[in-house]
Amino acid sequence: MASSAVSKQSYCHSLAILSTTLAFFCVAKTCLAENFKPQVESGDDFIKTSCGVTRYPDLCYEKLSAYADTIQDNPTQLANVSLSETLKNAESTLIMVQKLLKKRKLRPREADAIKECVETMKDSVDELQKSMLAMSDLEGPDFDMEMSNIQTWVSAALTDEDTCMDDSEENSIDGKVKDTIRSYIVTVAQLTSIALALINSIH
Ligand SMILES: *[C@@H]1O[C@H](CO)[C@@H](O)[C@H](O)[C@H]1NC(C)=O
């Protein structure tokens, strides 16, 4: 009787030790897992938070979250990636607007408006290219000057895109052509606005 009580007690005792040990490992494992996770997730969280200051947080996050590994939690990298995505988009938008000029049977005033749009989009691409180049030079002593140049160029690019959109709003332009141009320009203008906001958050 006594011996069985003792063995029952020691059985319970080992069970207690076992579950304590298990609990410890579980906690330790969770802690470790949580220590590792933020390194993977910090880029993502940082991008989400930073995109929150832009006018188009969803588009911002959608475009940039794929680059979380490159961006990590570095505002300059974030702005650089955003700028580079904007430039890519501006280049392909320019090509699409140029194609529009060739493919469609246009009335002279429509052709003129689209030509204007092509010219302003070329300027926009130019300004974004200059900005990208200046971005790689931020390490030097001229940080403030380079930053202010980049801000000037990117806001000029945005103005050009808005101008292109306005050109296409003219009454002389066919509704379908109008909608097509607008659909091209809307995205690049939003991406440019995002890039500008992220550039302005670099200190
Ligand atoms: C910015 O991005 C471009 C293209 O992805 C890259 O070549 C360049 O090194 C980056 N610049 C900086 C300052 O990280």
Side-chain angles (χ1 to χ4, degrees), residues 35-101 117-165 180-203:
N35 270 337
F36 280 117
K37 256 192 195 161
Q39 290 192 341
V40 181
E41 275 185 356
S42 77
D44 201 63
D45 286 346
F46 171 71
I47 294 169
K48 198 164 253 170
T49 311
S50 308
C51 281
V53 307
T54 72
R55 281 180 68 185
Y56 311 100
D58 293 343
L59 178 66
C60 175
Y61 182 74
E62 181 197 312
K63 279 280 169 189
L64 304 181
S65 57
Y67 302 94
D69 285 351
T70 311
I71 294 167
Q72 301 205 345
D73 56 359
N74 183 329
T76 309
Q77 285 299 335
L78 179 66
N80 189 45
V81 172
S82 167
L83 195 56
S84 141
E85 286 298 295
T86 305
L87 174 60
K88 272 193 262 175
N89 195 293
E91 284 167 340
S92 58
T93 301
L94 171 61
I95 291 169
M96 290 191 295
V97 180
Q98 277 171 328
K99 275 188 184 157
L100 203 62
L101 196 55
C117 191
V118 166
E119 288 312 309
T120 45
M121 276 311 294
K122 275 186 188 163
D123 290 344
S124 168
V125 166
D126 246 29
E127 282 139 2
L128 293 170
Q129 273 167 347
K130 280 195 285 190
S131 307
M132 272 302 286
L133 219 64
M135 272 311 259
S136 51
D137 215 20
L138 281 182
E139 301 295 308
D142 297 329
F143 178 87
D144 289 343
M145 200 189 74
E146 292 290 5
M147 275 310 292
S148 127
N149 283 341
I150 294 171
Q151 284 165 335
T152 307
W153 291 326
V154 177
S155 38
L158 188 55
T159 306
D160 284 331
E161 291 151 11
D162 286 341
T163 306
C164 173
M165 194 104 81
T180 309
I181 297 184
R182 170 185 278 282
S183 71
Y184 293 161
I185 309 292
V186 157
T187 309
V188 71
Q190 290 182 349
L191 288 176
T192 310
S193 152
I194 291 167
L196 187 57
L198 296 178
I199 287 162
N200 287 338
S201 342
I202 302 175
H203 296 295

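Both ligands and their constituent atoms are indexed starting at 1 by order of listing.
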re atom 4 (C) of ligand 1, the protein heavy-atom contact at minimum distance is Met132 CE, 4.0 Å
Is the side chain of Ser124 donor-acceptor paired with the backbone N or O of Thr120 at a distance under 3.5 Å, no angle test?
-> no
Flag, side chain of Ser82 to backbone of Leu78, donor-acceptor distance under 3.5 Å | no
Those atoms of ligand 1 less than 4.0 Å from some heavy atom in Met135 | 13 (C)
shortest atom 5 (O) of ligand 1-to-protein heavy-atom contact is with Ser84 OG, 4.1 Å
Atom 2 (O) of ligand 1: any protein heavy atom closer than 4.0 Å | yes
Going by an N to O cut-off under 4.0 Å, is there a salt bridge joining Lys88 and Glu91?
-> no
Minimum-distance protein heavy atom relative to atom 14 (O) of ligand 1 | Gln77 NE2, 3.0 Å
Any protein heavy atom < 4.0 Å from atom 9 (O) of ligand 1 = no
Could you list the atoms of ligand 1 found under 4.0 angstrom from a heavy atom of Asn80?
-> 1 (C), 2 (O), 3 (C), 8 (C), 10 (C), 11 (N), 12 (C), 14 (O)
Could you check if a side-chain atom of Asn80 sits within less than 4.5 angstrom of a side-chain atom of Met132, using non-hydrogen atoms only?
-> yes
Donor-acceptor under 3.5 Å (Asp142 side chain, Met145 main chain) | no
Would you check if the side chain of Thr93 reaches a backbone N or O of Ile185 as a donor-acceptor pair within less than 3.5 Å?
-> no
